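Note that the coordinates shown come from a computational prediction; the quantities given were computed from them, not determined experimentally. Quick note: numbers below take in every heavy atom, side chains included, and nothing from hydrogens, waters or symmetry partners.
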Amino acid sequence: MMPLTIFKRMVLGNVVILLLVVTLGLVIIFNQTRLQKVTSEIVFQHQESILVGDRVLDSFTSLVKLGEKYFLSKDIDYYNRFLDVKVALEKDFAIFQELMGTKEQKDLLMESFISFNDYWVAFEENASRIQTGEAIRMDLFIEESGPLLNITVGKLNDIFAITRKIITEKTTLSRKMSHQILIVTVITTVLTVFFGILVTIFNTRPITKSIAQLQRKTKEIARGHFEEIQTAKGPKEIQDLSLHFDAMCRRLKELDSLKADFISHVSHEL
């Protein structure tokens, strides 16, 4: 197998480190996205549903009071204001319905709205009698509308209780997710640094080891020892260098042998 060059080793090592860093970033982004989704649901959906629900409940309470005042005073202004509040209340009911996150909440809201419509029908019947000059029994209307009012308000309060429970659960979940994100980030960072160090050692150790070996052999050559070295393990450049080094040693050894023969021959002739 052809050994890798120093350049290819460095490129491969940097690619591995880059992949580890990208993996770390993707893990953090994924977990942050999940946490952001849960937080957004708490803030923009459930908290908003609490606000709109309170507005619905306040409007319904005002509506009932205006209806009672109209029946007692027969003042048409109270009736007109009753109609205005009813229109606003129906709009808030529609907004409130869009913010419901579970089937149970939607069913409760539907029951509440049906009770509200029943109250509206009863109110209109009695208002028509007043407008035609007929007498109405206020106590009978209150007796008939009382259960409807209790159902409407009770179902709204049940929705509030479910929403607050969901907010509590998701708040707890967001805290756990934040803790998990911290742990995952720390672990992933440590692993990234660890593998980055391993890749760096893998790339640099064969190079430094081979260079140190060549450095020792160079000192031995300087002292007159022309022994060859084993082919160094490492990048292709280092292996080629060791081959050239061995060739140089063989040549120097031949020259040293020729020099010794020449001196021996001259000495003999003298």
Side-chain angles (χ1 to χ4, degrees), residues 29-71 78-129 136 138-181:
I29 291 173
F30 174 74
N31 287 286
Q32 288 288 355
T33 302
R34 289 177 55 212
L35 178 60
Q36 186 177 6
K37 181 181 178 182
V38 174
T39 306
S40 298
E41 289 177 354
I42 294 174
V43 175
F44 296 108
Q45 181 179 355
H46 302 303
Q47 291 289 0
E48 182 68 17
S49 68
I50 292 289
L51 296 175
V52 176
D54 287 338
R55 194 164 67 232
V56 168
L57 196 57
D58 292 340
S59 298
F60 185 72
T61 302
S62 300
L63 192 75
V64 173
K65 291 181 180 179
L66 288 172
E68 293 175 354
K69 290 179 180 179
Y70 172 65
F71 288 144
Y78 286 120
Y79 180 76
N80 292 331
R81 289 170 60 188
F82 181 94
L83 295 179
D84 292 338
V85 174
K86 176 181 176 293
V87 172
L89 182 58
E90 289 176 342
K91 291 180 179 179
D92 285 337
F93 259 117
I95 297 173
F96 198 35
Q97 186 176 13
E98 293 178 356
L99 294 172
M100 296 295 96
T102 64
K103 185 178 183 300
E104 184 180 4
Q105 288 177 308
K106 293 178 181 179
D107 292 340
L108 289 171
L109 183 61
M110 183 58 66
E111 293 176 15
S112 177
F113 188 71
I114 291 173
S115 298
F116 166 72
N117 280 332
D118 292 341
Y119 169 79
W120 163 249
V121 171
F123 175 85
E124 275 294 291
E125 290 177 355
N126 287 275
S128 299
R129 292 173 185 171
I136 64 168
M138 188 65 184
D139 56 342
L140 182 61
F141 171 73
I142 294 175
E143 182 180 352
E144 293 176 350
S145 62
L148 300 175
L149 298 177
N150 291 334
I151 291 175
T152 301
V153 175
K155 299 301 180 182
L156 289 175
N157 287 328
D158 290 342
I159 293 173
F160 293 155
I162 294 174
T163 303
R164 291 190 180 96
K165 182 181 178 181
I166 293 174
I167 290 175
T168 301
E169 291 175 351
K170 289 193 174 182
T171 301
T172 303
L173 177 62
S174 66
R175 291 173 182 169
K176 290 182 179 179
M177 290 177 64
S178 298
H179 183 65
Q180 291 175 355
I181 289 172

Are Tyr78 and Phe71 close enough, and set up right, to give a ring pair (Phe, Tyr, Trp, His ring centres under 6.0 Å), and what steps lead you there?
-> CA-CA 9 Å; Tyr78 286 120; Phe71 288 144; over 10 Å; no
Assess whether side chain to side chain contact (heavy atoms under 4.5 Å, CB included) is satisfied between Met110 and Gln97, documenting all intermediate values.
-> CA-CA 9 Å; Met110 183 58 66; Gln97 186 176 13; 4.2 Å; yes
Please test Thr172 against Glu169 for side-chain hydrogen bond (donor to acceptor under 3.5 Å, both in side chains), starting from the C-alpha separation and ending with a verdict.
-> CA-CA 5 Å; Thr172 303; Glu169 291 175 351; over 6 Å; no
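Rounding to the nearest 0.5 angstrom, the gap separating the CH2 atom in Trp120 from the CG atom in Leu148 is 14.5 Å. Rounded to the nearest 0.5 Å, atoms NZ (Lys86) and CZ (Phe93) are 11.0 Å apart. The distance from atom CG of Leu89 to atom CZ of Arg55, rounded to the nearest 0.5 Å, is 10.5 Å. Going from atom CG of Asn150 over to atom NZ of Lys155 covers 11.5 Å, rounded to the nearest 0.5 Å. Separating the CD atom in Glu68 from the OG atom in Ser145 is a distance of 7.5 Å, to the nearest 0.5 Å. Taking CD of Gln180 as the start and CG of Leu173 as the end, the distance is 8.0 Å to the nearest 0.5 Å.
Residues Leu156 and Leu109 are in side-chain contact: their nearest non-hydrogen atoms beyond the backbone lie under 4.5 Å apart. In this structure, Asp92 and Ser59 have side chains that are in contact, with non-hydrogen atoms separated by less than 4.5 Å. Inter-residue side-chain proximity for Arg164 and Ile50 is flagged as met; some heavy-atom pair is nearer than 4.5 Å. A heavy-atom distance below 4.5 Å is found between the side chains of Phe96 and Ile159.
Under the side-chain contact (heavy atoms from CB on, under 4.5 Å) test applied with Phe160, the options Asp158, Asn157, Ile162 reduce to a single match, Asn157.
Applying the side chain to side chain contact (heavy atoms under 4.5 Å, CB included) rule to Leu51 yields the partners Glu48; only residues at least two apart in sequence or on another chain are considered.
Ring orientation note: the planes of Phe113 and Phe116 are tilted relative to one another, at an angle of 30° to 60°. Using the six-membered ring where Trp is involved, Phe60 and Tyr119 have ring planes that are perpendicular, over 60° apart on the 30 and 60° scheme.
Shown here for Phe82 and Gly67, the closest heavy-atom pair between the two residues is CD1-N, 3.7 Å.
By the neighbour-count criterion of 12 heavy atoms within 6.0 Å, atom CD of Glu90 is densely surrounded, having more than that number from other residues, nucleotides or ligands.
For Gln105 (side chain) and Thr102 (main-chain N/O), a donor-acceptor pair under 3.5 Å exists by modelled atom type. Of the possible polar contacts, one joining the Ser115 side chain to the Glu111 backbone as a donor-acceptor pair under 3.5 Å is found.
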